[in-house]
Amino acid sequence: IGKRGRMSRVWIAHLSYGPMHVARLDACQNHASHRYIAVSASQSQRDYGWERQGDDRIVALEAERDFDDVPAAEWNARIAALWETAPPDVVCVAGYSHSSMLSLIRICLDRRVPWVVMGDSQHVDRRRFVWREYLKARVVRSASSALVAGTPHVDYFHSLGVNRDHIFTGYDVVDNAYFAKRAESVKDSELGFLLTCSRFLPKKNLFRVLSAYQAYVQMCEQRSGSHCRDFVLLGDGELRSDLIGHATRLGLRVRSDTCLEEVRDHAKAGGKPTIFLPGFRQIHELSWYYANAVALVHASTSEQWGLVVNEAMASGLPVIVSHRCGCAMDLVRDDVNGWIFEPRDVDALAECMFRVSIMPDSMRSKMGLASKAIIEEWGPERFADGIGQAVDCALRTGPRSSTFLDRALVATLQRR
């Protein structure tokens with residue numbers, strides 16, 4: 001409750017809103033501890049093919065263009081206009097690099113309104129440069145509190161100057177109930193393939209994933225009686241044709257632009273092990289793939305969190321996750337609900353694929369139940385709790401002091 005006896009008005013600002021953001025918004029509004037207003041820079045995001053949410057609770061600063069197509073100078077005017085109609089008591093800002101989010105930070109500093117930084121960066125995301133970390137810290141330390149993903153992210157944001165007692169977790173969650181319910185309704189006991197779901201980018205490590213699958217196929221051939229499972233590679237991106245070429249050179253069978261019926265028919269016919277590339281799928285289609293896989297493989301060499309791991313666990317899957325993924329420390333327990341591996345170790349990944357593939361159904365089911373039990377603590381309610389605590393903290397402590405140099409830095413970064 002604000003100083004005037006009314007419910008505090010809180011903006012939750014993202015570059016765009018996808019299905020997981022809407023689930024988090026629902027949880028926040030169910031808590032009703034504050035009046036939350038969803039603000040998006042744009043209704044679309046080129047990097048993700050989400051359908052537009054069509055939710056009138058979401059205020060889009062840009063209705064048509066992708067946010068990367070909006071000149072930096074336009075954000076200040078758009079945000080100032082919204083500010084006049086619904087002035088916030090606290091602003092929760094997703095990240096600190098895009099010009100739209102920097103513009104929000106800038107206006108908070110100018111108008112002495114506390115802001116909460118939301119993010120999932122960790123120390124091992126990428127190579128860190130001292131000068132860049134210094135500039136980032138000067139921006140982040142002006143936040144009154146932080147909402148981050150998990151354990152390694154608390155350490156990173158603390159290193160940037162946020163008081164550890166002002167950092168709360170639960171930023172990266174999905175609608176667990178949706179995935180669990182959908183998985184139960186579409187599961188087919190005759191199926192069972194290995195699954196990866198990601199954008200086709202270098203950091204996703206998909207070339208090694210395909211090499212590991214080839215090694216897995218050879219293991220199955222060498223160990224008589226081992227059923228070799230198909231591999232489904234969901235997603236799309238700049239490396240698509242290169243990945244198909246790599247798989248072909250490895251001697252693997254590839255079927256691109258397929259649909260779930262083809263995957264199902266091939267599995268039931270007992271054909272030779274095949275890699276399927278169905279492309280990008282919306283949330284209502286994803287559940288079929290999660291429900292009918294034997295495990296999710298997420299092998300990134302750099303990953304802030306890895307929300308597909310949440311989705312797979314909520315669907316009751318064992319997970320095989322790179323130790324470079326931010327979620328690994330909090331969500332994956334070796335030999336309980338999956339395995340953590342070194343992403344450059346192709347043989348280790350192949351061995352994990354083989355282990356989960358030959359495992360009795362009862363044991364895989366036990367691991368899947370363990371996944372569901374672990375992820376139950378990481379649903380939208382955790383986001384609502386975390387953001388509520390972060391907002392309460394920001395209201396208690398008020399806006400952090402900032403120097404002229406800090407404000408000038410934010411303004412300069414916003415215009416770059």
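In what follows, every heavy atom counts, from backbone to side chain, and hydrogens, waters and symmetry copies are set aside.
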field: Residue pair R355, D335: steps toward the salt bridge (charged side-chain N to carboxylate O under 4.0 Å, His left out) verdict
entry: CA-CA 10 Å; R355 286 179 68 182; D335 292 320; 2.8 Å; yes
Practice task
Let me see the working for L206 and L210 under side-chain contact (heavy atoms from CB on, under 4.5 Å), right down to the final yes or no.
Solution key: CA-CA 6 Å; L206 297 175; L210 294 177; 5.5 Å; no
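Using a 4.5 Å heavy-atom cutoff, the side chains of Y96 and L160 are in contact. Side chains of V116 and I387 form no contact here, defined as non-hydrogen atoms less than 4.5 Å apart. Residues L201 and E238 meet the side-chain proximity criterion, which asks for heavy atoms closer than 4.5 Å. Side-chain contact between W11 and C92: absent, with no pair of heavy atoms (C-beta onward) separated by less than 4.5 Å. Using a 4.5 Å heavy-atom cutoff, the side chains of S256 and F276 are not in contact.
A donor atom on one side chain and an acceptor atom on the other are found under 3.5 Å apart for R382 and T169. No side-chain donor-acceptor contact under 3.5 Å links S302 and R324. Side-chain atoms of N76 and S103 form a donor-acceptor pair, as typed in the model, at a separation below 3.5 Å. For H123 and D155, the side-chain atoms include no donor-acceptor pair closer than 3.5 Å. Side-chain contact check for D330 and T151: at least one donor-acceptor pair (N or O, by modelled atom type) lies under 3.5 Å. Side chains of Y156 and E133: a donor-acceptor N/O pair is present below 3.5 angstrom, by distance only. Under 3.5 Å, the side chains of R57 and Q29 contain a donor-acceptor pair of N or O atoms. In summary, the side chains of H166 and T397 do not present any donor paired with an acceptor at a separation below 3.5 Å, with no hydrogens or angles considered.
Between E74 and R78 there is a salt bridge, with a side-chain nitrogen of the basic residue lying less than 4.0 Å from a carboxylate oxygen of the acidic one.
The aromatic rings of F383 and Y171 lie tilted to each other, with the angle between the two planes from 30° to 60°. The aromatic rings of W75 and H98 sit perpendicular to each other, their planes meeting at more than 60°, with 30° as the lower class boundary.
For H14 and Y17, the gap between ring centers is short of 6.0 Å.
Annotation: K187, atom NZ; neighbour count of heavy atoms from other residues, nucleotides and ligands within 6.0 Å is above 12.
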